[in-house]
Structures are given as C-alpha cells and as structure tokens.
Amino acid sequence: MSRRLTIPEALRERQTRASNPRTSAWVSANAGSGKTHVLTQRVLRLLIDRTPPAQILCLAYTKAAAANMAERIFGQLAEWTSLDDDALAKAVVDCGAPAPGPQDLAFARQLFARTIETPGGLKIQTLHAFAERLLRLFPFEANVPAHFKVIDERESKLMLIEARDAALAALNAAPDKAAALNLVAREAGAHSFDDLLKEALSRSEAFTAYDDPAGYVAALGCPLGLVPGATVTDVEIEMLGGEVGRMRRAAWARVLEVGKGDDRKFAMRLRGADDDVAREARIRTLLEAFFVDGGDGNPRGEKTGHLTANHMCERFPALEDDLRREQDRLIVLRERWRAALTLERSAALFAVAEAILAAFARMKAERGMLDFNDQIARALALVTRSSAAWVLHKLDYGLDHLLLDEAQDASAPQWGILAALSAEFFSGAGARAANRTVFAVGDEKQSIFAFQGAAPEMFAEMKRAFDKRHRDAERPFADVPLTFSFRSSQTILDAVDKTFGCEAAWRGVAAAGEPPPRHEAIHSDLKGVVELWPPIAPGPAPDPEDWRLPLDHASPDDPPVILAKRIAQVIKGWVSANSLERVVDPVTGEIRRIRESDVMILVRSRNAFFEAMVRALKAAELKAAGADRLMLKDHIAVMDLIAAGRAALLPDDDLTLASALKSPLIGLGDDALLKLAARRRGSLAEALAVSDDLFAAQAARLLVRWRGRAKAVSPFSFYALLLGEDGGRRALIGRLGPEAADPIDEFLTLALAHEQREAPSLHNFLAEVEAADAEIKRDMEVETEGVRVLTVHASKGLEAPIVFLPDTCSAPNGRHDPKLMRLTPARPGDPPLYAWAKTASGDAEAVAAARAHARETAEGEYRRLLYVAMTRAAQRLIIAGYDTRNARPTECWYNLVQTGLGDSLVEAPAPFGGGEAIRRYGEPLRAENGAETPQIRPPKAMPEWLSGKAALEMAAAPLSPSRIGGAGEGDRQRIREGRLAHALIEMLPDVAPQRRASAAGAYLERMGGGLAEPARAALAAKVLAAIDAPELAPLFGPKSRGEVPLMGLLPRRGRPDLPYGGRLDRLIANDDGVSIVDFKLGAKPDRPAAAHVVQLALYRAALQPLYPGLMIRAGLVYLDGPTLAPIGEQELEAALEALALAP
Amino acid sequence: MIIEGAPWAKIETLAPDAYDPYWRITLDFLKIAFAHWPLWLAERGLIDRAKRVALLIDDEIKALEGAAPRGPTIIAGSTGANRATARLIAAIARAPQGAVVLPDLDLDLDDGAWAMIGADDDATLGLAGHPQSLMRRLIGAIGVKREDVAKLGSPSPALAARSAFLTEALRPAESTERWREREGALSPPALAAALAGVTIVVADNETEEALALAIAMRETLETPGKTAALITPDPSIARRVSAELARWGVEVEDSAGRTLGQSPAGALARLILDAAIEFSPRSILALLAHPAARFGRARADIEGATRALELAIFRAIPLKSLDDLDRAFVEARQAAEDIHAHPAVHRVGEVDRQAAEALAREVARALAPLRALGPSASLSDSLTLHRAAVSAVVAGPRGAAHDTVEDPRGFEPLMELMDEWSEAAAESFPTALAEYSALLDDALASARAPPASGGHPRLQILGLLEARLLSFDCVLLAGLDETVWPPSVDTDAFLNRPMRAALSLSPPERRIGQTAHDFVAALGAPKAVLSRAKKRGGEPTVASRFLQRLVAAAGAGAQAFADAEERGRRYLAFARALDQPAEFRPGVRPAPRPPVELRPRALSVTRIETLRRDPYAIYAEYILRLKPLETVERDMGPREIGIAWHAALQEFVETHPFGALSPEARDRLFSIARERFAPLRADPAFAALNWPRIEAGLDFFLAFDRKSRLDATSVWVEQHGAIPIPLASGAPFKLSARADRIDALASGGARLIDYKSGTPPGAKEVKVGFAPQLTLEAAMLRRGGFKRLPPLEAEQALYLKLGGAKGGEEKPAGGKGEDIFALAEKHFAELKILLDQFSCEDTPYLSRPFPKFASRFSDYDHLARVKEWATADGDAESGDSP
Ligand code: SF4
C-alpha cells in the first residue's frame, strides 16, 4: 500500500479514532478496508504514547499473520530511525498521534531498538501461543504438568486411536457396557465410527458435563418429548397393539384382499406386521403399510384423501375410517418411536464416547501432554476459575492493552479467555486501570472457520458486552466501521454489493439486522471487470458396452478438466508477449503486463477440479505456486524417495525396486524394465546386477551405492546425498515440476527431525513416514512466484489483481450434515445436548429442527465464503463453473452472482474462443498497443567449481596420546581405577597432609561406587604413598601443576601436520628445568610400554616451544611401588620419529 | 540460583498480599528446591554440584590471595557469565602475576551509552541483551574502568571499521536516536569499509539457506590456504550444510550438534532398548540393520540372515509382536507353501530360513534379560542388563567384543557414560525400562559424540561455544532469526522478570547478551556471511534483532548494505540454479507393447476385470512378473476379513451340502465364524466395532441360506473351473474361475453367488462389463467349465453383500430383472474380441484407460506413475472441507 493515496477525510477520522491508544475500540472492517493498517497504527501509537511494549498483547489468527504484523511494525519503526525531524514528525502525525515535540522525536527514533529488545518481546502471537505461555507460567494454578508437551494434530490422532482401542477393550469386557457398544457398532460400523468419535471429541464438553449415561438420558429425553423411562420396546409394543392389534389387522387384511393392486399390497403388509420375525422388522412393515417411502415418508393417501382405492372406499366406508384412525394413531407413535430410537442410540453413544474420551484424557495426563484444544480449555479454566487478576499481575510486566485481530474467527472459549482477562481491566483501580484498553477488529462477513469453532455471532455480542462495561465504568469506547476498500475497484465492489443486495443472498452473511453491504473504493479510478463464463455442461455418459480398448484412449474430458484447460489457456494468453491485457500494479500503481503471480484461482475444496487445474497449468508451462496443502506421503516425489529407501534396504522386493527404477531418481523406461524383468529367472535385483544393458548397469551402480549408504549413514544423510550428490532433486523437479520442491524439503526435514529425536534408522524412519499422515501447509503469501490455486479458506487475508472462481455451481448438501445434532436442554444454562441422528428421513421432530438449523448455518457460511472469495479480487473477477448431471442448486454462487448483477451484464466474446460468449460487468484494462518488451535478466554465469568435486584435502585425524596403542578393552575395572587414581593425585597434594587420608577415603566412598571396599582402600593407600614418597616430593611441590591440558601439531613426512591433544598428569617447571610425569597403575615393568613413551614424547614436544632453551625431562611413575622411571631423551626422540613416519 | 547466590528469604514477600493464596502454590513447589533439596543433600552428606563449583572457586580465590605466589596466572576469553566465575576472574586480575584477557571488550562505545549498559539488572530495558553487558559487569566486578584496559593488537582498518559499525548498530536502545546523524561509523565511506567483506543471505527457507552457505564455503576452497567456518547455534542448520557440502565430496566435521545418541554406539544402545521395549519385527529389523550388530556372527552372515528373516517371516505373515517365535515360524512355513506366496518368499531356501530362525532366536535370547525387567527394576539392574545386551549384540564370532566394528573407540564414550551412571546408581530408584530408556535418551542427547576423524582441514562447522577465540578467513553466521540466534528466552514457571530482578537474579536476557557477544566476536573475520531464512519448518520467521539493527543503523537504502545483500543474492542464485533441471519433461501415461509371446495365455475372471479396468496391472503382474510384497507389521484389513468370510461360509456349507438347515445350524455357523475370525478378533477395535455387524451378516446369511435351500437341489462352494478360448490367432487361451457358490436349482438351472464383504459392484458396472466375474462364470458354467457340475444355465446371479448397516443384501448382478443369460453370452463374446485385441502386438497395456471405471487403488499405480499424468477423475462434486 505504498502507492500515494488521497485518503478521504471521513476515513482518516475513523482510522484515528480506531487507533486512539487511550480508548477501547471495536472495529467492523469490510474486506480490504485496511484493518492490518489500523492495527499497526494502534500499536505504533501505543508505543509513541510511551506504553512499555511488554504490556501490549496483540493476538493474530495465524503465525503467518503474526510474523507479518511484527515485520510491519518493526519495518515502520526502523524507518523512523533514519527520518529527519520534519519527515519523522509528519510520519508520527500520519499515524494519528499528536504532533511530537523534540523529546518525542528522539524517543520515536529509539522506539525501534527499544521495542525489538523489550524483554520477552513485543507480544504479537496467536491465541494458542498465548495460552501456552499462560500455562507455562502458571502450571500449578492451571493444574497442568510443569513440563507439559504440546502435541500436534497428528500425535493427538494417534493417541486417540490408542485410547479408543483401550477403552473399547474395556467396554467389551464389561457386561453392562457391551450392549451399548454393540448398538453403536451396528449403527455406525467400523468405518464411520471414527468420524463419529471425532465429532464427539469436538463436542466433548457435552460428554464430560454429565456424569453418567442415566443423567444424560434424562436430560436428552426432554427436548425429544419423551416421558422419563420411555423405551423403544414400550413404543413398539404399543404400536403393534398386542393380540387385539393382530386381530384387527387380520380382519382389515381379509377385506383388503378383495381388492387389487395397491389394496392387496396393503393387506400383505398388514399381515406382514405379524410375521414371525424380529419386532423391528414387524414395525417396519407396519409403517410401510401406512406411510410412503418404506414407512419413513408422509402418510399414504394424503393426495387422494383416502387410503383404499375409490371403489373400496365406497364399498367399505367403515374400513376406511378404521384405517384412518389407525394411521392417525401411528403418526403419533411413529414420532415417539423415532424419538425413543434417537434417545437409545444417543445414550449408547454417550456411554461409548465418554469411556473413550476419558481414556484419552487420562492418557494425555499420564504423559504430560496437551493438545491444541486442551491448551485453550485449560487457559480458560485458569483465568475463570483461578484469578485473572493474579494472572495479569504475574505476567511479566502486566498486560494493559489487548488487541485482537480477525475477531470474527475467535471461538467461544477464546472469547472467554479474553473476556475474563479484560474484565480485570475494569475492576482494578487507579491510573493504571484507567489506561487499559481493549481493541478488536473483525468482520462477520468473513467468518469462514466454523469447522474450527469460530463463533461469528460473538463478535457483535462481545461488542455489546464491552460497550456496556465501558459505559458502566465511564470509560470511552469507540465503535468504528471501516467500509472503504483499499484493494478492489469500484466495479468489483459494486458487484459484491449487488450480489448481496437481496435478502436471500444476504441471509446469514452478517449478524441479523445488519443492512446489506456498501463498499467504497479508495482507488476510485481503478478499472475493474466481473466476467461470468457460461458453466460447462456435462457431456454424454461414456459407458462403453464395447469391450475393446480404445486405442486413441482420448476419453472425453470431464467438465472440470475442460474448465481447467480453458482457464490455463486464458492465463497463457494474458502473459504472452503480445497480449494487450493489463493490470495496475498493486504496489507501484503503474499499469503493466499481467504476470502469473497476479492470478489467484479459488476453489471451495481440494476436489477433482483442483488437481485438474494444477495439471493444466503445468501442461501450459505456466508457473504455478503448487498446492497450499498436501498429504506428504501421497505425493509422488515422496513415494519415489520412499521406494528408493526401501529398495536400498531390501532389493529383493521386486515391485518396489521396479518402482524405484522407474522413478526419475533412476529414470529407467518401460522398455528397459521389460527387457530386464520379463524373462528373468530370479529376483529383479539379480537380473539388474548381471544386465549388460548400459542404463541398467548404471542403475545397478547407483543401487549399490544406495545400499552401501543405507548401511552406513543416517536417514537424513542418505536422502541428502541422494537428492544432492546423486542429482535426485534435479531429476524429480525436472519430471514433476517445481512444486515437487516442497514435499521434498518437507521429507528431508522429517528425516532430520527423526535423527534428532531418536536413534537414526532408515527402517524406523520409513515406517514413521508411511504411518504418519503428515500434511504440508503453506501460506501462499510469502511465495508469489506463480499462479496460486488454493481454497477460499486458505485465501483469507490474501488478495490478487485477478481472481477466478471456477467452482461455483455446487452448494453444500445433506452429505455434510453433522451426525450429532445440538438440542436445547430443558433448563437454560445447562450444558448442551447432542442427539445422534442418522438419515434425515428418520428424524424425530426436535432432531429435524436441529438439522434444519445446522443446514441454515452451513448455508450462511457458504455465502460468507462467496463474500470472501469475491472480495479477494482487486481488478478482475471471473466467475466460471461446471455442472454435474444433477440439477444446479438454485442458490449456488453462480446463480447468486448472476441474479445480483442481472441486467447490468453485457455480452462479450469469450477470451477462450470457440465462438462462445461470456457476460460481463465493467471493463477490463487494456493497452493500446503491445510494444512493451519484457526485460529478461541474463542469468548469472555459473562458476566452474560449482559443478565439480572439490580437490581432495585430507585432514589428519587428531591424535590423542593417552589412547595410542588402545586403552585396552574389556577391563573396565582398571579404567575406572585409573580414573579415580588420577583424580586423587590431582587433588590430594593441595590438601593438608594430615587430612589427606580421610579426604581420599571420603572421595572414594562417594565416587568409587563400582569398586569394592578393599580395592578402594588399596587404591587410596597407593596414592597416598606416592604423594608422601620423599623421592617423589618434587612432583608435588609448589611449582608443580596437575592435569595440564596440552595441544600440539606433529610434523610428518610428506603429509600435513597431525594435531593432537591430551592431558598431562603432572608438570613441574623450575627455573632450571622442566619435568613432566605421567602416572600409571601397576608396578614398574622391565621396559616401559611403547605407548606410554610415545605419550610422553608428544607432551614433551608440545611443551618445548613454551620453554625455549630449557631441558624437559620426562618420566613415568608406577604407583605400585611407587617407582619413578625416567625416560631418556633418545628414547623419546625415537618414538616421535617413528610416529612421524607411521602411515 | 546457587551460583548466583540468591537470597531465599526475600522470596516469600515477592507477591502482594492480595495474591498470597496463589503465590503459596508456587512457593510450596519452590520449597522443594530451596528447602527440601538442601536437607536431602545434608542427610546424605552430599553437596549440590553448583554449590561445589562455587566453593571450589572460592577456595581458588583464597589460594590466589594467599601468600605463596604461584607464578603467572592468565585467564583469557571468559565473559564471566556466571558470578562465581566473575569473582574468580577478578581475583586473578588482582593477583600479583595475574592477567585477564577480555574478549572483545568494546572500547569504541561512547561513555554515555556505556554507562547505560551499566544499569546492571534493570530488567525492563533489554540491556542485558547488549553484547557488552557481560563485559561491563565483569570489569565492574574486577573493579577497573574501561579506559584502564589495554588493547592487545590492532585490527586491520576494514575490521576496525566493521567493529565500529557494530558498536554503533548494537548501541543501547536509549541512545539509538544518534543513528540519525549518520556520522562517524555510520557515514557512507565508513559503512562501505565496514560492510565490504560482508555478505547477507536472505533465503526463502532452510533448505535454500543451507545450500547457499555450502556454496559459500565451497567457494572459499577455491583460494588455496583460506579457511572458513560455519557458526550457528542451530544443529540442524549445521547438519544441512554438512550434507550439502557432500555433493562436492567435501566432508566437514560438524561438531556443532552431533550427540552421543546419534553416534553409532549411542544409536545401537537405543535400538537395543527400543527392541527390548517393543519386541516387534520393525524394531528388530532396525537393530539388525545397525552395522555393529553381530550376535556372535560375521557381519555378512547377519545381513544374509536378516534378509531371509524379513522376506520369509516378517513380510510373509501379518505379525505384530514376536512373543511367540515358534508359532510365527510355523505360520511362516505354512505361508511359504502357498503357491500364491510372493516369489521372494519362495526364493528363500531352507538353509537361509534356518539361519533366519536361528538369528531371531539369538536376538530374543540377547534381549530376554532386559525384556524380563519388571516395572520396579532398579536403575542399576537396567543398566547392568542393558550393558550386557550391548555386549551380546556386538559380540563377534569368537565372542570377542566388536572386533570388526569399524571404530571400536566409538563405544568408549558410551561405556564411560554407563560407568558414570553405575557409580551414581548406587542409590537406586525403581525405573521401568521405558523410563530408563527416556533417561538414557536424555543423557545421550546431552553428551557430545566423539569427533569423527578426517574432516576437511580448511572448513569447519561450529557451535557458538566452540567458535569462541578461533579465527578464520571467512565466517558464516547462520540462522540469524529470532528464536534461533538470538534464542528465545523466557522466564520459568516460578518467577517472572520483576521477581527475578527483586531477587537480584540475572534476567533471562543474559543469554541474548551472550549470543550477541558471540555474534560480534564472530564477525571479526575478513569475510563474513550472514544468513537467515524467511521460513523455517514451514513457518514464517522474524529476522534476528542483530540483523534488524544492522539494517536500521545503516539506514534505509544504504548502498553498502544493498551491496552486501546483492552478494548474498549471488549465492542464492547459484543455489537455485544448482538443482534446476535443464528442462522440464513431464511424464506420460505408459503404453508398453510387449511381444505377443510374453502376454498371458490364461487369466481368471477376476483378472479379466483387471484387464478391463487397468491393463497395465496385468502387464506388471504377468509380464514383468512383479508382485507386491506385503509390508512388515501390516494391519489385517479388508482382505483378511474377506478371506475369513469365505473360509467360514465354505466350511459351514460343506458340512450342510444339501437339504434344509438343522436347528443347530446357527450355533454351528457362529462357532465356525468365531474360529475363522479369531486372529482378527484379537484386535479390540475389530472385536468391538466390526464384529457386531459381522454377526448381523451371519444372521443375514442364515436367512438367505434357508430360503435358497427351498429351491436348490445341491449347493456347491468354492468351485474351481476353467475353459479354453480359442483366439483368432489360433493360440489357446484359458479362462479360469473360482466360484464362491453355485446352487443347482430344482428347475434345472443354476444360481451363481459371489460373496462380498465390501461393496458389490453397481448394476451399471456389471452391465457394461467392468465387473464381469459372475457373467463370465455363468458363461463357463453353461459350457461345462466347472468339473464337478454338469453344464447348467444360470437363472440368477447374485452378489451377496455380507455385513454392513443392514447385515447384508442380495444384489442381483446387473440389477433387478436383468436377463443374466443374455448378458453372460454378450460378455463372453466381448471377451473374445478383447482377448484377440490383446493378442496383437500393437495393443498396449494402458494404465487406467477408463478413469471413471478405474479401481480406486492398485498395487501398480506407482509403477505406472499414475499421479504424474492422470487427469482428474472420479468425484467432481465439491465438498466443504477446506
Ligand atoms: S539456577 Fe538452578 S541449577 Fe542453576 S545454580 Fe540455581 S538452583 Fe542450581
């Protein structure tokens, strides 16, 4: 937004009000109305106002948004450090702050460094991060384990499965629970059980609020309209009416059998209700007799007004009356039956879900783990049940200013935390309390995260609550709407206003009672266009009765594929050199050619179209930014890497090896594989090893290399070498396109994480990757290299000059209904209740109402999604679509926009040709001529060394003198004794002689755990004897030092010097000479061990330069004795010489 | 806190009275540290490690101050980060022959700013984060003034300019308004000199950062004799860079972050524990793959036996745990006898199989003592047995310990660590093996791996600590993002910053000051590369405050800075170009045309379905002869459920070949089913969630069977059949089938039944011949293809869905009322045409020619590289899931 703008006075006034750091404010911001700007402004003004940065808490919705906000604020502050006085004063005033004095200017310049270094940092974080911080600071108060670990969705999912299995086993074994489990299993089946469980988990508050199934059943019975104690069996018995009922049905049937067709069927069903089968089947047959749709639908005869055929009615009027009465009776009973079934089912689910959720909670508690939901829940409990005042007090420097971004997406518990914290703002007294403010910015119209628990209605609700609190406390509170759009042209905004202008489209988009939107463009002269492309109709069904393989195998494209190709073709045209189409650069404001990065394609979900679109872009050789989210192990690049690893581990696995061979990593073609595999005798690996084919031989060499590495290096190194040194990354990207880079990187990151977490093992790593459903999520903001294809959800907060909406002809349907329907508890304020609903046709009334409500909510969100999608566009918005064989839903996006724009649309030739026409509103920006030539920067020349191996330079392995000759394996006891002896020798000389014995004893008792008492005593005696020995006295004199670390370089013939290092036991430096001594356990041997001589020789060589001109004498002290054995100079020199020559 | 000598008494009063109840909770906990811990130590006559260090230092100070001069004492390079050390340094400074060499004491900073840093523990200002804050405190402790410190050596003019610039850029926040003046060190010529040797790399992500750094290091090698060091606090950056360097054959020893746990010895110790805790095929394969695993054999023998073990046992049968090895061996041998077993299983000979079994037993034996440890085992038991297990695992053929382990010394640090533990384990806590494993993991993670030998002599990768006091021609400072360098510091659960300040404890920002000092010190090389990544772990980062300060101090648009960034872009451009393919060649749908003589001459009806839906799969299976090998520890799934269903119904019907069912039939069927499903029912989730519907399915089947027997004269199950089909080319072709069930009807016709425990094919699919199993079986039956049955005409063909929401369903093939006879004849005729087409060399084995009818998943999709070329298909409906 660095374009020069004239900001309307009205807007400036609102911005100033919203950013006023002394008053709380609630900002309802339309899309593109610069809410981040206001938020930044407010933070800046708080800082200028001398608010300590630590007292500001700014909550963002995502980490990316938080990082972005931090960057803006620090960027702004950094800029201030270099402005001259006038410019800085203007910048400060531009933010809405009062004109600064000289001191203020100096302060403003310091703000950058002050803020960036504020202890604990300027808090711009997600609410989850904030909650985690709270819990870390208040583990006791919040009752969480002091070092709890936050687990991600994946870990939590795995643990839920573990808990599920444990709980199921327990339930199965408990006779009183088995029936409930059986019912749930039959009703749900293994497949949908996990979905059900997931839903139950997201509603866990309902399951934990009631202590036992009985209480839950009692509470749930109410809204279902059941008297306490009513059971399915009771109702069914009543429906069948016992012997009397049977006789009446038999009598009716006898009469009906006189008739034909439907009446005979009727009779059959009446009799069927008394067949010797399970009661449930009888009920179904009975209901089928009186109701359409297999007994689930409306009462029979509703249209004709009678149940039996015309002539039967006339002949047997009493029968018709009887049947009508029976039908009326069953209408009531059927409703009660449905309610009872719902209750029974829900109660069973309650029992099962509660057991699983309890096991899950226990498991997390035992392992000290919290998942994302727990964090919020525990933080909420902390601030509501413990003391918010204490929390505010103990938070480092307190918390005075709360800022909330994307407020429409906060969930109810999140609001709970904020409300509890800010409630304190009003209860405290004094100047500090008076200075505390709350700020929220949001837009209900853009609330699209219901599935994450967003509660858009709370935005308005909380506004009212805060308004009241402020008024009660006589503190100012500003309610600021922001309606101007910095982003879109007026044409686009008008199209939005028109689309949502009618009640049907507006319903559920904003809070009830809000007027339809009015958007105004800041860039009033910006050209814009909205295009409606004709939806693509489904082609004829290709259901070949002919079995022959179609040799051209060009099966006709599906509509989504056709559309994807069309879009790719149009974009290709735009970015081609001779295109006249133009956009205004959003940053510089100049008119320029269209680039791939100007285009954003928004879909509702990652469906078939999504894939087709990504492929179409690739096929058209357009740059594409890749998927914003993908399942790692399903990506073919990752599959290739896994196959390579598996083939290296077990080449006998023919198919995996073949897949690795065919992957770009090796790149064997089908023909080569055929030659290799078809006529082979043994395994494919054997065939590969003996093949004389050139490519195969190359592949075989590569495989040998991989096998070697799989044995020797860690998984990370294995893959890093495969991708780098072996050119794997280049090969994969060359075949799969640049979007393969992300999954590859992520895979490598997992490999690195693996070895940092556990013992590096390729087996384990691959098992881990294959078991995990790791997903990559990328926010598309940072990289804008190519065309972005993403979901509307992911596009939140993004914008582009050109936006395509290709997926506009479908709408949510019953398939996405929740399974658990929320019912209203009898007493308001009681915890929520959920009924487990199955098909809509079997809903009891209360459930049907809940379902209708859920659908309406979903439709509201569907329309909000359209609002978000349309308002991403700055200059061009293309509404396209494709139909399926089902009729297009009347209130789908396409129809909403079409209806809204209505007569304002004019026909124009389609940009994708084919003689088709599109309709459009507004005018696209075009150049007069296309003389502009794009600048191509010549690529930098690559230096030669980049592609070659480096010259071999060998470093010598550092030598450690004490290890020369091997420290001797096996006898750990000796090593331990040696260590203890050295420690004693180092320490005891500094201890007063009379205390040495006891000190040695105490030390050995403490540290010599592995040593038996006699051995300890012997050791102590030995060391003491050595220290006391008169002939050794000089070793421990005032000029002596123990344990001297030494380093040196050993010159060698024809090779680089060899570094070495070690610790010398004793150094005695007198004016007349230097002595060095090493201690050895045991008695003096006939000849000193060669290794010991070398050791001393090296130490001596290292010391020589430090004592120029002084003679260095060396010797070994054998503690069994003790004996001092001097080593002659010649002997030392010889040892050194031998070492210098040694290979 | 002991080191810092905190006054405990003050702590009680830290919180206002109003909050006392809450503060109590924390105090009670802290009592463990400041009351109970000293008591516990005192009872045992022990001393706290930190306290001991403090006391030793005090002793040393006393000695220094004592009468006897001990010769020159010099201390160099310490910043005196903890106060006890600072006291010692001060004592040395005072000692007669003592000298202190202060690392990078800033003598340039103006006195005003210097004085600000002196506000030692004013925690509200981030001054503890200043690079000089420790030095300031240290010289304060020594009791000298900054101007009294003598300079040692003088840097080159460029480095002097750099250091002056750093002084400016990192000056205390409260004096940063002076940047604006752009004088002295910030004047353009000074900046140019300061930044001349500096390169700034801003990479998109950590991969790119690593490669750019590796390239910069590689470049250094081009100048003979020049050295370079990568310095980073983040071990994963270090790992990445060292891995990237390997592409030029450059091996750099990365001492920044290799822990003992990652070393071969540490890995082996942990793999042993893993396998002992979870004795499963996967954990054993992981253990056996370790190069030091020997189990008394030569390494080559281990590799052979491991291969056999995996192929012939672990992959051959579903096997989750190895508690019953003998049974697993028996089952695996049975599985190998199946002619449909994977050829790789058949390739394992008896000798190899025995070696595999022996090895598995050996592994079990080696781990048995560890596995037998109960939950209340003592630490020293675990330790002893673990150590014994390590010895057993690495023992070579003659019982000699790791005689061919490449680096026997690699095991020494591990053994030392275990020694230390056994010394400490005297007082023993009960530690279950899992806890022991967690403890060991921690210990191994905090111990440094023994340095590997043979790194490049001119390149190094270092952590901040190792880098101190070393010098290089070029340094690369990597990971300059907030939370990496500087690290994120936060207060602990007990004391917030003001409380810490009240107790005169160092603010946590000390750590930032330390890394800031490291940052400045490291920058004193002629060439310096600073790098950061805009995203790490997929999440956006914020640039390091050090870097941000450099930018801000240089001022917007400073040319020298832009140049430094331009130099960084050069490396980035190289990095991007290096892995850039020369061209983009997308994959295409495979269409292999193998010679006719390789093409299959016999297929079953179910494979005909595959031939229609995915000919490539037939090509891969029959021509390339590639069969999928099951994975290790696979779950039992739909396949096993289907097999159990078939087996149970076969057994049941075979005991009731004709006539009405007896009253006990239900009990019999259920008991057969329970037995057949027993392995599946061992899984609690299956028993709880799948079994009820299977029971419903059994009841459904009984009802169906009762009804069927009313018009059936005999019931035939699992019948094998085959007929020849002469092809146009004259070559013979054999069509075979295994019919689930054929009822011979009283009417003289037959009813064909196929059991489906999954979803039966839709009517449309059957009609157009993408599920021709029953129709082709009908055609075979008519032609007398089933040996034990006369030629019969099929009147009905049914899919019998078993289980599911309703217990089961009868689904007539091709839909209700379809004339199965006519359809069968049509399919048979079409099949001949199709087979003739495939017996022509021009016909390719395409992968998924009809996307709409392609199966959802095939074992050969990866081989066919479906994801590379396939156009979208299937469900075009949109969902709402974002
Ligand atoms: S901070 Fe903890 S570990 Fe460090 S000295 Fe104090 S009490 Fe000991």
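Quick note on labels: first sequence line is chain A, next is B, and so on, each numbered from 1.
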Would you mind telling me which of [options] has the largest number of heavy-atom pairs within less than 4.5 Å of chain B?
options	value
A:A677, A:P52, A:A643	A:A677
A:F74, A:W390, A:F112	A:W390
A:D653, A:L649, A:D652	A:D652
A:L105, A:D84, A:V603, A:L684	A:D84
A:A166, A:A1069, A:A188	A:A188
A:A619, A:A190, A:A720	A:A190

If every non-hydrogen atom of [X] is compared with every non-hydrogen atom of [Y], which pair is closest and at what distance?
X	Y	value
A:S659	B:H862	CB-ND1, 3.6 Å
A:R164	B:A685	NH2-CB, 3.5 Å
A:T749	B:R240	OG1-NH2, 3.0 Å
B:R182	A:T81	NH2-O, 4.2 Å
B:A289	A:H763	CB-CD2, 3.7 Å
A:W547	B:V768	NE1-O, 3.5 Å

Assess whether a salt bridge exists between [X] and [Y], defined as any Lys/Arg side-chain N lying under 4.0 Å from an Asp/Glu carboxylate O.
X	Y	value
A:D654	B:R625	no
A:R114	B:E174	yes
B:R545	A:E117	no

Expected output: side-chain [X] to main-chain [Y] donor-acceptor under 3.5 Å:
X	Y	value
B:K867	A:I636	no
B:W248	A:L946	yes
B:R180	A:L83	yes
A:K618	B:P586	no

Under 4.5 Å from any heavy atom of chain B, what part of [X] do you find: side chain, backbone, both or neither?
X	result
A:S714	side chain
A:A678	both
A:R136	backbone
A:D671	neither
A:R133	side chain
A:A950	both
A:L674	both

Supply the atom-to-atom distance [X] [atom1] to [Y] [atom2], rounded to the nearest 0.5 angstrom.
X	Y	atom1	atom2	result
B:L689	A:R186	CG	CZ	13.0 Å
A:L673	B:I623	CG	CD1	11.5 Å
B:Q580	A:R729	CD	CZ	11.0 Å
B:R693	A:N182	CZ	CG	11.0 Å
A:L736	B:F584	CG	CZ	7.5 Å
A:R548	B:L834	CZ	CG	10.0 Å

Selection from [options] maximising heavy-atom pairs under 4.5 Å formed with chain A:
options	result
B:E177, B:R247, B:R865, B:H290	B:R865
B:E482, B:R315, B:E633	B:R315
B:G261, B:A696, B:A243	B:A696
B:L598, B:D274, B:I833, B:V632	B:L598
B:A805, B:P684, B:G555	B:P684
B:R585, B:E539, B:R612, B:E222	B:R612

For the residue pair [X] and [Y], establish whether any side-chain heavy-atom pair is separated by less than 4.5 Å.
X	Y	value
B:N205	A:D745	yes
A:K394	B:T26	yes
B:R347	A:S683	yes
A:P139	B:F29	no
B:R307	A:L650	yes
B:F838	A:L549	yes
B:L863	A:L655	yes

Is chain A contacted by the side chain of [X], its backbone, both, or neither, given a heavy-atom distance below 4.5 Å?
X	value
B:P615	side chain
B:E868	both
B:L268	neither
B:L311	side chain
B:Y860	side chain

Please determine whether the number of non-hydrogen atoms from other residues, nucleotides or ligands lying under 6.0 Å from atom [atom1] of [X] exceeds 12.
X	atom1	answer
A:E725	CD	yes
A:E621	CD	no
A:K63	NZ	no

* A:E755/B:R239 under salt bridge (Lys or Arg N to Asp or Glu O under 4.0 Å): CA gap, chis, key distance, verdict -> CA-CA 11 Å; A:E755 70 176 47; B:R239 281 291 284 137; 2.6 Å; yes
* Asked: Just checking, any donor-acceptor pair under 3.5 angstrom between side chains of A:S761 and B:R282?
  ->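 No pair is found: no donor N or O on one side chain lies under 3.5 Å from an acceptor on the other.
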* To do: Could you walk me through whether B:S175 and A:R109 pass side chain to side chain donor-acceptor pair (under 3.5 Å), step by step?
  => CA-CA 9 Å; B:S175 63; A:R109 286 194 182 107; over 6 Å; no
* To do: Mind running side-chain contact (heavy atoms from CB on, under 4.5 Å) on A:W945 and B:I215 for me, showing each step along the way?
  => CA-CA 10 Å; A:W945 50 260; B:I215 290 170; 3.8 Å; yes
